[in-house]
2 protein chains.
Amino acid sequence: MSPSPVIEDTLKTIYHLQQEAGPPVGTSDIADRLDKAQATVTSTLDRLEDQELITREPYQGSELTDKGRTVAVEVLRHHRLLETYLADHLDYPWELVHEEADRLEHHISEEFERRLAETLENPRRDPHGDPIPGEDLEPPNQDPMRPLSACEVGDRVVITRVSDRNEDDLAYLADVGITPGTAVRIVDVAPFGMITLDVDDTEQAIPEGVATSIRVTSLNDVDDSVSVDHRGDA
Amino acid sequence: MSPSPVIEDTLKTIYHLQQEAGPPVGTSDIADRLDKAQATVTSTLDRLEDQELITREPYQGSELTDKGRTVAVEVLRHHRLLETYLADHLDYPWELVHEEADRLEHHISEEFERRLAETLENPRRDPHGDPIPGEDLEPPNQDPMRPLSACEVGDRVVITRVSDRNEDDLAYLADVGITPGTAVRIVDVAPFGMITLDVDDTEQAIPEGVATSIRVTSLNDVDDSVSVDHRGDA
DNA sequence: GCCATAATTTAGCCTGTCCTAATTTAATAC
DNA sequence: GTATTAAATTAGGACAGGCTAAATTATGGC
């Protein structure tokens, strides 16, 4: 039996938290992300452990098993293929793809996944610039990126990822031209981390909170993974 | 809150049974179609009644309310749009579209539905020849069709619908050229209802069980709804 | 009209997923 | 080292959706 949406969402969340801070991940961090009560997550984690999708130490935290990671990465592949498809073939606006993909990722078949990948010619990155795991379900490499908030005045960088966050922010960023593949220059870093960028010869100010979820690569170490047209084939 | 897949599937089944035999529909007919125990369906029907999606008389049967019918028709629209899309844009083989659409129909948003319809240019029929309900969610008209099993030797008819049934049968029928829009002639009706057809100058024998789920229109009363290219725009 | 049978509901139980409130454990301050 | 506090678990309850077995109702034959 394939895992339920609740199980898959929990695995996906643990995966992301492990990427950000390393294992073990705490119960309340998971609960916060999923917007569920802690006690609900505790009982879900018990079931995950029964199914050998995670290992855990009570009061310490949880960690994905290989089996659990594979499930998480497959869901991630679904999510990113769907986002790419929605944007490229159904003309979805950038900021709406996340919500739709978040639901559908749990319900598409292997067949659907294959045909999606084929139709898209095995894309390597989704519309936010995030890497799409391959058919082998190896976890994608971490890119050599830093948050925009860590840049200094004068830096010339390429926007590499604009992570999923709320729709309004994404719509605004797309509107002013801040999308993966765009080259920008840091014009100013003001108090409280407010950053001013030169985007296509126009200045745009970005508050620090938003800047932390935008990843960039220095123009010196640009590789194929951050070329402007980042949808290569396999 | 939008209805769960279980609720939607039950409404869809009642809708189909009402079309076939008229209300009220019996509990065990629903249970058979859904492959659930009768007692399970009884408790689901109680919940449907609480939500005013059906009316029912214990031991007599159930009937959709306007509200219930609208939900059923919307799910039907999702199903048929998805089938059309899978076949036309993702290159799904005819016989696989049903299963995938049956899952996804419960999980797509209104936005997805709109973009699907737009991309397909508001198709009126799905790949099986079934009518696709419009945005207004009016139940589609019943076509002036009869089952292939009711034809007589010498009749010239157009295949109008080949209803969803098991994948192997559909694959076989597609293989021998029996798909919506094809004109055929009845060559022979043998004992036990075995029917022989002339399809593109080749004879094909179809057992009665299969022939009952194939609908045809006489070549005399062909209207736009059964033209060979049946995907018109609105 | 009564009886056998088929259809249906009721009773009772289970699991998954959710919650709040109470308790326990771990970590931190001092 | 103890006291406070934060994190996590346990206790207990709700509801949806599933089941089997037992009881009930309707129906068709005669």
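Within every chain, numbering begins at 1; the chains are lettered A, B, ... in the order of the sequence lines, protein sequences first and strands thereafter.
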Once you round it to whole Å, what is the distance between [atom2] of [N] and [atom1] of [X]?
| X | N | atom1 | atom2 | value |
| --- | --- | --- | --- | --- |
| B:Lys36 | D:dT20 | NZ | P | 13 Å |
| B:Leu45 | C:dA7 | CG | P | 16 Å |
| A:Asp46 | C:dG16 | CG | C1' | 13 Å |
| B:Ile30 | D:dG18 | CD1 | P | 14 Å |

Give a yes or no on whether the backbone of [Y] and the side-chain of [X] come within a donor-acceptor separation of less than 3.5 Å.
| X | Y | result |
| --- | --- | --- |
| A:Tyr92 | B:Phe112 | yes |
| A:Tyr15 | A:Gly68 | no |
| A:Arg80 | A:Pro133 | no |
| B:Ser28 | B:Ala31 | no |
| B:Thr27 | B:Thr42 | no |

Practice task
Report the residue (B:Ser43 or A:Gln51) whose heavy-atom-nearest nucleotide on DNA chain C is the more 5′ of the two.
Solution key: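 Its nearest nucleotide lies further toward 5', so the answer is B:Ser43.
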
Problem - Close side-chain approach of A:Ile30 to A:Lys36, heavy-atom, < 4.5 Å - result: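 A side-chain contact is absent here, since even the closest heavy-atom pair is not under 4.5 Å.
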
Practice task
Let me know which of B:Glu111, B:Glu113, B:Glu118 forms a side chain to side chain donor-acceptor pair (under 3.5 Å) with B:Arg115.
Solution key: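 Between B:Arg115 and the candidates, side chain to side chain donor-acceptor pair (under 3.5 Å) is satisfied uniquely by B:Glu111.
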
For nucleotides 3-8 of chain D, list the nitrogen or oxygen atoms of the protein found under 3.5 Å from its nitrogen or oxygen atoms, one pair per line.
unit_1 : atom_1 : unit_2  : atom_2 : d
D:dA8  : OP1    : A:Thr27 : N      : 3.4
D:dA8  : OP2    : A:Ser28 : N      : 2.8
D:dA8  : OP2    : A:Ser28 : OG     : 2.4
D:dA8  : N7     : A:Gln38 : OE1    : 3.1

Problem - Stretch residues 4-24 of chain B: residues that reach within less than 4.0 Å of DNA chain C through a heavy atom - result: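 Of all residues in residues 4-24 of chain B, none places a heavy atom under 4.0 Å from DNA chain C.
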
Handout entry: Residue pairs fulfilling side chain to side chain donor-acceptor pair (under 3.5 Å) with at least one residue in residues 1-13 of chain A, sequence neighbours excluded
Key =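 For residues 1-13 of chain A, and leaving out neighbouring residues, the side chain to side chain donor-acceptor pair (under 3.5 Å) pairs sorted by first residue read A:Glu8-A:His106, A:Asp9-A:His106, A:Lys12-A:Asp102, A:Lys12-A:Glu105.
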
